[in-house]
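Supplied in structure tokens, the structure appears directly below.
Values reported hereafter were calculated over all heavy atoms of this structure, with side chains retained and with hydrogens, waters and symmetry mates removed. This structure is a prediction, so every number in the text was calculated from the model and none was measured. Residue numbers count from 1 along this sequence.
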Amino acid sequence: MHVTHPLIKPETIEARIYQQLVVASALKQNTLCVLGTGLGKTAIAALTIAGILYKQDGKVLIIAPSRPLVDQHFKSMNQFLNIDSEKIVILNGKISPKKREAMWESGKIFIATPQVAENDIISKILKPSQFSLLIADEAHHTTGNHSYTFVANKFKKKSHVLGLTASPGSNIDRIFEICGNLGIEHVEIKTEEDPDVAPYVAKVKMRPKRVELPEEFEVNLTLLKNALKDRLRDLKENRVIHSITVNKSELLGLNKKIMAMDDNIKYEMLRISSEAVKLEHAIEMLETQGKSTFLNYYQKLLTQNTKSAKEITNDPRFIQAVKNLNELDIEHPKYEKMLEIVKEILKENEKIIIFAQYRDTVQKIVDLLSENEIEAIMFVGQSNKDGKGMSQKEQAKAIEKFKNEANVLVSTSVSEEGIDISSVNYVLFYEPVPSEIRMIQRRGRAARGEGGQVIVLIAQKTRDEGYYRAGLAKEKNMKNILKNMQTTLNTKLKELNEENEEEVEKTENKDHYMDLRSVVSSKTSDKLEEKKPTKLDKKSKGGLPNKATIIVDSRERHIGRYLSEKAEVEFKTLEIGDYILSDRVAVERKTAEDFENSIIDKRLFNQVMDLKKYERPLIIIEGNEFVRIHENAIRGMMFSIMIDYQIPIMFSRDIEDTADILVKLAEREQIKEKREIAIRYGKRPMSLKERQKFLVEGLPDVGPVMAENLLDNFNSVENIFTATEEELKAVEGMGPVTAKKIKEVVTKKYRE
């Protein structure tokens, strides 16, 4: 039996009672639906859209966390909804804002990532008041500072909201946060045990498969653990930690405590803490991933120009472990076990999805299967880190190939959420995950078929064991919470909503006597929001703009939410600076961490030179926790920027403080000084001397001062490049190690 509705295509959605109960609730009030993977959250979304649009005119926005998932919703809505396909629209960042503005006006149902929706709300080309329904798929993302939260806050008082998730988490406070951000009034929780759901649930068995680490791995792990223990003892002796039994997350949280220490020890403790984090990660790589992934991480450490990375890679125990592993002709036993399992499954002509946390491991698995004449499809995210990312087209092609040709897909976490990759009966975790949300999502891949098996590879006596237990415990806890929570949660939500209404009423009554503007109705506010600003609107009685305009570099979009209430915001790709405030003021914003990184990788020099193209350039540094470079070096660079380049530096507390500074500066320039806003395109060409310095600074461990010394000594770049090691060592400040590195870079053949 199928659903019959004027806006649902015939015989496309099976009539299920539990889905109809959720939809009935969603049509009455803002609803969060918690429903297991493969049980029809997309069908619930389509039925809710049909119900809302049948009763009232308006638009619908569906937000989903990734482009492949956005594409999937687009296909599903076209499949289910009896609505003109031209009115169902995908929006992404590759479409120009001008075209998106026209699309927002002409379409009916829109599917986008929350980041695109956020940007267009800030740019005022997306108007929430025109919408009747917001659907937040994978609603567990609606926490903290996420774009989901921003979009939800703009929609929740203007339209219906439906949140969909398979796993909201095991923390009750987190679930309340999700509900609060979405404006949820009612929660519908459907579990596998519910009688109306049980007939549709595919049973999935969890099968842990344990492997024993080879003795050779244990020997090298001991070397690495001893190196780590030395660092932990130093931290304990200096009262940074109370015990040497700490995990990586605890180590990552030490910086704030260390920053409060005396300067004479602070930087040493920061370095040691950073070394401990890197060693902890290296141990995890070898224990849970294997030799290849560990050695790849070692190569990355060699490229890092930090004291902590150098200390680790120069530690005799680390060096010995690397040497031993390079000489070993064995890999992690998980690979052999994984190959054995895949071969058995393929004998049954079944499909399997293999999950691995790291791209290096995914690549290794694909290569190993290929060597054994098993075709495996790689599926990773779009990030192009290390050149290993996949474009949206490549992802779509991979999914299609897995559906129609290959039987093995090897994926990172990118395919955990929602994407309808294929119905499979087997899922293999290369490593366990301690997150209950990720465990449920991965396992849900085997719940889309007739019911299957999830096989988890575990290296005995390693952190794999702890992660596996943690994931199961958190999932059990979440199920217990959900089981007993619906009534309690809905009662609490009702109380909170009533309290909020009372608070709003009190505020409105108070404002009524204090400010005549309170008589403006919400409908009038919505009309004002929809009205396009004219030249007259933008001016006050004195003929000056009511709001300043700030041009924001498209890579700085996250600050837009803080600027949009106080200024007009335009996003553009800027070649110089992060923000343009007038024809003469450009601002470069850096967090304390980014300021340090740009000194280390030498970006800062070029950025400072570019800023000089503006008459009144400015640098804003956000925060003051410098952890990688000694504060004397930081101050030296700041003095150089302010005195040598005559660019002032301001400090801000956080991103909101930065936004406030930018708005006030823009108002001063445009409203008080009546200056136009203009972008100066093109970078100022370097002088010959600047180009020479730039080339020399590209040599290993050569900064601005050393580059100047080298050029003063040798008079030309050519003479530096042809100098002997002994001649290089004669330059002030040049050590034998740096001289050797320079000669190696200059003389070593490219293909060697």
* Asked: Considering only heavy atoms from C-beta outward, does the side chain of Glu570 approach that of Thr549 to under 4.5 Å?
  ->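 Yes, side chains in contact.
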
* Asked: Ile621 versus Ile619: any side-chain heavy-atom pair under 4.5 Å?
  ->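 Of all side-chain heavy-atom pairs linking Ile619 with Ile621, at least one is under 4.5 Å.
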
* Is any side-chain heavy atom of Asp553 closer than 4.5 Å to a side-chain heavy atom of Tyr579? ->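 Side-chain contact under 4.5 Å: no.
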
* Asked: Taking the side chain from Lys59 and the backbone from Leu133, do they hold a donor-acceptor pair closer than 3.5 Å?
  ->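 Not confirmed, Lys59 side chain does not pair with Leu133 backbone.
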
* What do you reckon, is CG of Asn238 surrounded by more than 12 foreign heavy atoms closer than 6.0 Å? ->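 Atom CG in Asn238 is packed in, count exceeds 12.
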
* Asked: Could you state the interatomic distance from CG (Asp610) to CD1 (Ile576), rounded to the nearest 0.5 Å?
  ->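 Nearest 0.5 Å value for the CG-CD1 distance: 5.0 Å.
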
* To do: Answer yes or no: is there a donor N or O on one side and an acceptor on the other, between the side chain of Ser123 and the main chain of Asn119, under 3.5 Å?
  =>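 Yes, the answer is positive, given that a donor and an acceptor are paired below the 3.5 Å cut-off.
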
* **Donor-acceptor under 3.5 Å (Ser582 side chain, Arg584 main chain)** =>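 Between the backbone of Arg584 and the side chain of Ser582 there is a qualifying donor-acceptor contact (under 3.5 Å).
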
* Can any side-chain N or O of Lys108 pair as donor or acceptor with the backbone N or O of Gly58 at less than 3.5 Å? ->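 Confirmed, Lys108 side chain pairs with Gly58 backbone.
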
* **Student check: side-chain heavy atoms of Met637 and Met642 closer than 4.5 Å** =>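 No, every pair of side-chain atoms sits at 4.5 Å or beyond.
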
* Worked verdict on Glu622 versus Thr658 for side-chain hydrogen bond (donor to acceptor under 3.5 Å, both in side chains) -> CA-CA 7 Å; Glu622 208 168 89; Thr658 300; 2.5 Å; yes

* Can you label the angle between the Phe626 ring and the Phe651 ring as parallel, tilted or perpendicular, going by 30° and 60°? =>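 Correct class here is perpendicular.
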
* Asked: Do Arg589 and Glu556 have side chains that get closer than 4.5 Å, going by heavy atoms?
  ->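 Answer yes - side chains close enough.
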
* Tyr148 side chain vs Leu182 backbone, donor-acceptor pair below 3.5 Å ->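 The answer is no, because no donor-acceptor pair under 3.5 Å joins these two groups.
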
* Asked: Are His558 and Gln115 side-chain neighbours, meaning at least one heavy-atom pair lies under 4.5 Å?
  ->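 Side-chain contact under 4.5 Å: no.
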
* To do: Keeping the roles fixed (side chain from Asn181, backbone from Thr142), state whether a donor-acceptor pair exists under 3.5 Å.
  =>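 Present.
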
* More than 12 heavy atoms from other groups under 6.0 Å of CZ on Arg653 ->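 No, CZ of Arg653 has 12 or fewer neighbouring heavy atoms, counting only those of other groups under 6.0 Å.
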
* To do: Let me see the working for Lys590 and Glu596 under side-chain contact (heavy atoms from CB on, under 4.5 Å), right down to the final yes or no.
  => CA-CA 9 Å; Lys590 290 191 176 296; Glu596 288 181 302; over 6 Å; no

* Atom NZ of Lys248 with >12 non-hydrogen neighbours under 6.0 angstrom ->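 Correct, the count exceeds 12.
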
* Asked: Any chance the side chains of Gln130 and Lys158 put a donor and an acceptor closer than 3.5 Å?
  ->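 No, Lys158 and Gln130 have no side-chain donor paired with an acceptor closer than 3.5 Å.
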
* Does CD belonging to Glu593 count more than 12 external heavy atoms closer than 6.0 Å? ->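 Check fails, neighbour count at 12 or below.
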
* Asked: Would you call Thr113 and Val70 a side-chain contact if the rule is heavy atoms closer than 4.5 Å?
  ->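 Side-chain contact under 4.5 Å: yes.
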
* Asked: Quick check: does any side chain N or O of Thr149 sit under 3.5 Å from a backbone N or O of Asn145, one acting as donor and the other as acceptor?
  ->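 Such a contact is absent between Thr149 side chain and Asn145 backbone.
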
* Please check if the side chain of Asp654 supplies one atom and the backbone of Asp657 the other of a donor-acceptor pair under 3.5 Å. =>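 A pair under 3.5 Å: yes.
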
* Asked: Hey, what's the ring geometry for Phe110 with Trp104, parallel, tilted or perpendicular (30° and 60° as the breaks)?
  ->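 Aromatic pair Phe110/Trp104 classed tilted.
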
* Heavy-atom donor-acceptor pair, Glu656 side chain to Tyr562 backbone, under 3.5 Å ->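 No: the side chain of Glu656 does not pair with the backbone of Tyr562.
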
* To do: May I ask you to check whether Ser598 and Asp594 show a side-chain donor-acceptor distance below 3.5 Å?
  =>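 No, no side-chain donor-acceptor pair sits under 3.5 Å.
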
* To do: Check whether any side-chain N or O of Lys307 sits under 3.5 Å from a backbone N or O of Glu268 as a donor-acceptor pair, and report yes or no.
  =>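 Not a single qualifying donor-acceptor pair exists.
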
* Report the C-alpha distance between Asn30 and His160 in whole Å, list the side-chain angles of each, state the deciding distance to 0.1 Å, and finish with yes or no for side-chain hydrogen bond (donor to acceptor under 3.5 Å, both in side chains). => CA-CA 6 Å; Asn30 291 353; His160 266 70; 5.2 Å; no

* Any side-chain heavy atom of Leu252 sitting closer than 4.5 Å to one from Val277? ->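 Leu252 vs Val277: side chains touch.
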
* Asked: Are more than 12 heavy atoms from other residues, nucleotides or ligands located less than 6.0 Å from atom CZ of Arg675?
  ->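 Yes - once you tally the heavy atoms of other residues, nucleotides and ligands closer than 6.0 Å, there are more than 12.
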
* Can you list the steps and then say if Ser274 with Lys278 is a side-chain hydrogen bond (donor to acceptor under 3.5 Å, both in side chains)? -> CA-CA 6 Å; Ser274 178; Lys278 288 179 170 66; 3.1 Å; yes

